Structures are given as C-alpha cells and as structure tokens.
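Before any comments, here is the structure.
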Amino acid sequence: MDVFNAITTRRSIRRFKAQPVSIDDLHFIIEMAMSTPSAGNLQDYRFIVVTDKAMIKELPDFCMEQMWISSAPAVIVVCSQPAVQKKWYGASGDIFARQNAAAATQNILLSAHALGLGACWVSGFNQEKIDDFFDATGRARIEAVIPIGYPAQKPEPKSEFTINNMLFFNTYGMDISEWDKFNKDYAKIREKRLGELHDRFKEKSSSAKVVIKDIGKKLKETHVKVKEKLAKENVKEKK
Ligand SMILES: Cc1cc2nc3c(=O)[nH]c(=O)nc-3n(C[C@H](O)[C@H](O)[C@H](O)COP(=O)(O)O)c2cc1C
C-alpha cells in the first residue's frame, strides 16, 4: 500500500478479531514510529508495547470507561518526555514533546493500517492515573493509547470538510475569489490521481522514487499556477 492510499483509507478501528498481532508486526510498527521527526531531533518519544491481557482489560478504568479497548489483542502506548524537551527549549519544550508524540502516533496508525491491522488513537484518559498505571509518573507522560488488532468492522464513510473550508492562501482566512472556477472538480481529480498512483505503485514498487518526483514536479507546477492566479485575481477575505 502506498503512502497516499494509506493516508486516505485509514480509519479508526474499535472492534477487533481475536487473532493475535505478531511480535514481528508490533516490532516493525515501532521501527516505523522511530522515524518520526522530532524537535531538535531529540527523538524523545518512547513506546510501550502491551500484550498482557490482564493489563489491557484494566485500561478502560483509566480511559473514560471505553470498554471496547479491552478487546484489543495488543496496545501500543506513546509517551513523551517533556523534561527532555524543556531542557533545550524551555516552556516551548512541553508543546514540542506533545507534538513529537502526536506525529509518532500518526506514523503508528498508518503503519498498522498498511499491515492490514486496525487501530485507534485514544487520548481520552485520566492523565494521572494512566501515567501511574504504566509507571511513567515523573519520568514520562502518556500521550496516546493505541489499541491494535485485526479489524472486525468496516467503518461507515465519514463526511469531510471540502478543501475550500480548509485551505487559505498566504494568510489565515484569505481566499481566492471564485474558488469554484479555479478548482471546480477537485474531488474528482483527487480520486483519479489516487487511483493512478495506486496502479503505478502496484505495477512496480521500485518506481516509487519516480512517482514522488512526479508529484514534486506537479506540486511545483500547481504552485506556479496558484501564484499566477493570485496575481490576476481579486483576493478577498473570508468572513
Ligand atoms: C487527539 C485525539 C484523541 C482521540 N481520542 C479518542 C478516544 O479517546 N477514543 C476514541 O474512540 N477515539 C479517539 N480519537 C479518534 C477520533 O475519534 C477519530 O480519529 C475521529 O473520529 C475521525 O475518525 P477516523 O480516525 O476514522 O478518521 C482521538 C483522536 C485524536 C486525534
């Protein structure tokens, strides 16, 4: 599965088959998480792999009674080390530590999905109790609990905002007038492009570098077009 398809087809999975997750898969997912960017390249995220069934059963007690968590065959816990970041970056370090862990969490979700596993980001927990449960108090902060297993559900398609609700140009709130004319069939273009990329990755995974280069070129072209368009168009602020 290529990265674009992994990103667009990943969903939160909250029901799992009884089938265990292999240690090799869990190990591989952690290796992927270790490639996550981090402020100052401090790589301060840490991971706890939990396969102890009794511990997994107890997790809902600290996670707002989310009972479904107890059915997961495995759990990966993502920890941050605010103290490590604060030593270098002062007060900002606290936020950096959390951001690093969040980025690692997303890498874990995508890697699990690409391996055919299902997972869900859980941060709805009692901080003090969960830190204590994992013996992290005073050493690290639990940022995410990720139940993982083979999916026993296929989530309904979710509604998403359209790009013109999400994207501004140059400054927050700035929109190109007549956005629809500029980019009218964007949803179709996106689907077509994802389909093409999927086929190309299937054909030859070794051609990945070429595809990425193509995307880079396309992005550059689009960027130039947008700049030209902006120069011509009236730019108005969104209310
Ligand atoms: C910071 C954060 C905390 C979350 N905490 C929980 C949680 O405690 N329980 C849960 O079931 N899902 C949790 N989620 C998952 C979201 O509910 C889910 O990502 C969202 O509904 C979108 O669905 P999708 O993941 O299928 O795209 C969390 C997601 C994020 C990013």
Side-chain angles (χ1 to χ4, degrees), residues 1-17 21 29-30 32-33 35-39 44-50 55-82 85 92-134 136 140-163 165-167 186-187 190-191 194 198:
M1 183 184 288
D2 63 75
V3 68
F4 311 107
N5 279 279
I7 289 168
T8 51
T9 60
R10 179 216 57 82
R11 295 297 310 278
S12 288
I13 296 298
R14 300 181 180 87
R15 281 213 307 274
F16 305 100
K17 293 180 181 163
V21 182
I29 291 168
I30 299 300
M32 296 300 104
S35 293
T36 303
S38 59
D44 48 313
Y45 25 65
R46 293 292 180 271
F47 310 101
I48 306 171
V49 169
V50 190
M55 282 182 80
I56 294 174
K57 274 221 149 40
E58 271 193 73
L59 278 174
D61 295 351
F62 317 111
C63 299
M64 302 168 100
E65 308 298 330
Q66 299 185 68
M67 298 314 293
W68 61 270
I69 295 172
S70 59
S71 72
V75 171
I76 293 177
V77 179
V78 182
C79 318
S80 68
Q81 297 185 83
Q85 282 286 335
S92 303
D94 197 60
I95 297 168
F96 291 166
R98 183 152 271 166
Q99 289 171 331
N100 298 340
T105 302
Q106 179 70 353
N107 274 355
I108 289 172
L109 296 180
L110 290 175
S111 306
H113 176 56
L115 290 172
L117 293 159
C120 182
W121 178 330
V122 172
S123 290
F125 44 61
N126 179 307
Q127 190 72 60
E128 221 172 284
K129 286 186 181 168
I130 199 104
D131 286 355
D132 236 32
F133 183 64
F134 287 112
R141 180 171 64 201
I142 307 302
E143 299 288 359
V145 168
I146 310 175
I148 297 185
Y150 286 92
Q153 69 171 131
K154 207 167 178 281
E156 294 289 312
K158 68 174 179 183
S159 60
E160 284 179 347
F161 290 106
T162 56
I163 195 163
N165 292 116
M166 293 269 181
L167 172 67
Y186 188 77
R190 171 181 183 259
E191 286 314 307
L194 280 169
H198 186 57

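Quick caveat, the model's predicted, so the values are computed rather than measured. Both counts, for ligands and for their atoms, begin at 1 and track the order of listing. FYI, side chains are in, hydrogens and waters are out, and symmetry mates aren't considered; it's all heavy atoms of this structure.
- Using a 4.0 Å cut-off between heavy atoms, Q66 contacts ligand 1 through its side chain alone, with no backbone atom that close.
- The closest side-chain heavy-atom distance from I13 to L117 is not below 4.5 Å.
- Residue contact annotation: M64 has no non-hydrogen atom under 4.0 Å from ligand 1.
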Verdict with supporting geometry, R10 and L109, side-chain contact (heavy atoms from CB on, under 4.5 Å): CA-CA 8 Å; R10 179 216 57 82; L109 296 180; 3.9 Å; yes
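- Looking at Q106, R11, K158 and measuring to atom 27 (O) of ligand 1, the nearest heavy atom belongs to K158.
- By the 4.5 Å heavy-atom criterion applied to side chains, I108 and F47 are counted as neighbours.
- When only interatomic distances are considered, the shortest N/O to N/O separation between G124 and ligand 1 falls below 3.5 Å.
- The protein heavy atom nearest to atom 5 (N) of ligand 1 is S123 N, 3.1 Å.
- Applying the 4.0 Å criterion to heavy atoms of W68 picks out, from ligand 1, the atoms 11 (O).
- With a 4.5 Å cut-off on side-chain heavy atoms, M55 and F133 count as touching.
- The protein non-hydrogen atom at the shortest distance from atom 13 (C) of ligand 1 is W121 O, 2.8 Å.
- Between Q85 and R98, every side-chain heavy-atom pair lies at or beyond the 4.5 Å cut-off.
- When the shell of 6.0 Å around CE of M64 is examined, it contains 12 or fewer heavy atoms from other residues, nucleotides or ligands.
- Minimum heavy-atom separation, P147 to F16: O-CZ, 3.8 Å.
- Summarising the local packing, CD of E156 is surrounded by 12 or fewer heavy atoms from other residues, nucleotides or ligands at distances under 6.0 Å.
- Residue C120 approaches ligand 1 through these ligand atoms, each under 4.0 Å from one of its heavy atoms: 10 (C), 11 (O), 12 (N).
- Scanning all protein heavy atoms for the shortest distance to atom 25 (O) of ligand 1 gives S12 OG, 2.6 Å.
- Nearest non-hydrogen protein atom to atom 12 (N) of ligand 1 is R14 NH2, 3.2 Å.
- Shown here, atom 1 (C) of ligand 1 is in close reach of the protein: a heavy atom of it lies under 4.0 Å off.
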